[in-house]
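Let me begin by presenting the structure, written as C-alpha cells, before commenting on it.
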Amino acid sequence: MATYHIRRCGRLSGEISVHAAKNAVLPLMCAGLLTQEPLTIEHVPQLTDVHTLADILEDCGCTLRQEEGAVTLWADEPRSPSGGDLLSRMRASVLVMGPLLARTGYARVGLPGGCAIGQRPIDLHLRGMEALGAQVQLTPGSVTLQGRLRGGNVYLDFPSVGATENIILAATLAEGVTRIENAAKEPEVTDLCDCLNAMGAHIAGAGTGAIIIQGGTELHGCTYTPIPDRIEAGTLLCAAAMTEGSVLLRGVRPEHMQAVLFKLRETGVALRETPAGLRISGRASQPVQVRTLAYPGFPTDMQAPMMALALCLRGTSIFMETVFENRFMHAREMARLGAGIRIEDRIALVTGGRVLSGTDVTSTDLRGGASLMLAGLAAEGTTVLHDPCGHITRGYADLPGMLRSLGADITVHE
Ligand code: EPZ
C-alpha cells in the first residue's frame, strides 16, 4: 500500500471540484438489489470501498456495469453473499441485509468487522428488521434473517445512519406502512430516500427524525446523481485554513456543512458562498471547542481533519467525540510530529501553535489518515505517512492529487 511524502507548503490556492459523497454512493449501490431494472448512479468516485461493494453486490446476484464514472446495476435473482471475508472488509456491506430480506425473505450476512474507531455493533439494524417481522438468528461471525416483511414501527435508541438506511431499504418492499422514530437526519440518508422515491418508493419525512415508508410497490430503475461529499469538502477546507490559503470549492452543498462552516469561521477564516462555489480565505488563529454529534451537529468524520487544523491555532482547542468510542488514534501519531494533545476518555485537549517536525507516521483509519496528511502540510521537513491498510484510498478518490493541484508538495510512493 501507499506511502506519502508530505513537505511543508505555502498557501494553498486555486479551484477544485469535490467528488460525489462516498457515504451516499454506498447505500445507493445497495438499492440496486431492490429492482430488476437498471439503476444508474452517476459520478461515482473511484474508491476502494466502491470497488469492494461492487464485488459484494455481484456476489449477491447483481448485474453491474461501470462506465465513464457511472455504475449501473440491478438484480434479477438476488441471493445472500457467499464471500465472508469481503463482508468483513467493509462496514457498509451490512446494507445488503435489508434489500435481500425484502426481496427474498432471507438474508445471511457476515457480521461486518468492527474497525479501529469502535466496536460498530449492528443491534439497531437487527431490531429494525425484527420490527418488520423478520426472525433473526445470530451465529458465530454471521447473522441469518428470514420472514416475509410487513410494515412496522421502529424506534432507534441512537439515530444510527446505517440502521436507518437498512430499515428504509427493507421497508420499501414490505407490505404496509413503516415508521422510523429517532431516524438519522444525515444528508446521505435523505439522498437515499430521494433516489428510492425516484425508483417508485413512497417515503416521507427524510431529514427529519420521523421517516414514513409506504411499502409494497415494486421498484423500477432510474438514473441518479448523488450529493457531493461534505466530508471531502470539509477536509479540503481544513487544509486551506492550515496554510492561510485561498481556495474555491466547486460543487459543494453548504447547507450540508453548516456545523463545519460555523466552526471554521470561529477560527477566524472567511467563508463566502458565491455562484461559482464556496471560497475560503484568511488566517485561522482562534482555538475552538468541537463536540461531535449526529447530524445536524458537528460530524464525527470531520473530527480528525479539524484536529489537524487545531494544531495551527493559537491556544487550546477542545474536542469531545460523542459518536464513536475510539476515534482519537490519530492523536498519538500527531504527537510524533510534536503536537501537544492530551486525551481523557472521549475528550482531547489540543495545544496549538507548537512547531511540528516531519517524521514517520502511520495512518490509523480513514479520517485519521487524512488528518495526518494535513498535519504534514504544517510540519517542518518531510512527513512520511505510511498507509499499509490503504485507509486513505478507501474514502478519498485522490486526496494527495487534489491537495497537489492546490499547491501542496506531496509525492506518493507505492
Ligand atoms: C456511517 O457509519 C458512516 N459510514 C460513517 O462514516 C460515519 O462516521 C457514521 O455513519 C456516523 O455519521 C457510512 O455511511 C458508510 P452509525 P455507521 O450507525 O452507519 C452505534 C467514514 O469515515 N451503533 O451512525 O456505521 C455505533 O457503534 C465513516 O466515512 C450501535 O450501537 O454509523 C456508533 O457508536 C466512518 N448499534 C454510533 O452508533 C447499531 O446497530 C454511530 O453509528 C449501529 C450503530
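Both counts, for ligands and for their atoms, begin at 1 and track the order of listing. For clarity, every value in this text was computed on a predicted model and none was experimentally measured. Positions are given from 1, in the same order as the sequence printed here.
Among all protein heavy atoms, the one lying closest to atom 18 (O) of ligand 1 is Ser160 OG, 2.7 Å. Atom 39 (C) of ligand 1 has its closest protein heavy atom at Pro121 O, 3.1 Å. In this structure, atom 15 (C) of ligand 1 lies nearest to the protein heavy atom Asn23 OD1, 3.3 Å.
Not a single heavy atom of Gly395 sits under 4.0 Å from any atom of ligand 1. Contact annotation: Met302 has no heavy atom less than 4.0 Å from any atom of ligand 1.
A cation-pi arrangement is absent between Arg327 and Phe319, since the terminal nitrogen or guanidinium carbon is not both under 6.0 Å from the aromatic centre and inside a 45° cone about the axis.
Residue-level proximity to ligand 1 for Thr300 is carried by the side chain, the only part with a heavy atom below 4.0 angstrom. Only the side chain of Leu366 comes within 4.0 Å of ligand 1, counting heavy atoms alone; its backbone N, CA, C and O stay farther away.
In terms of polar-atom proximity, defined here as any N/O pair under 3.5 Å, Glu165 makes no such contact with ligand 1. Residue-to-ligand polar distances place Lys22 within reach of ligand 1: an N/O pair is separated by less than 3.5 Å. Where the criterion is an N or O separation shorter than 3.5 Å, residue side chain and backbone included, Gly162 meets it with respect to ligand 1. At least one N or O atom of Val323 sits closer than 3.5 Å to an N or O atom of ligand 1. At least one N/O-N/O distance between Val161 and ligand 1 falls below 3.5 Å. For ligand 1, the polar-atom distance check finds no N/O of Ala163 at less than 3.5 Å from any of the ligand's N/O atoms.
Within the 6.0 Å centre-distance limit, the rings of His413 and His5 are counted as a close aromatic pair.
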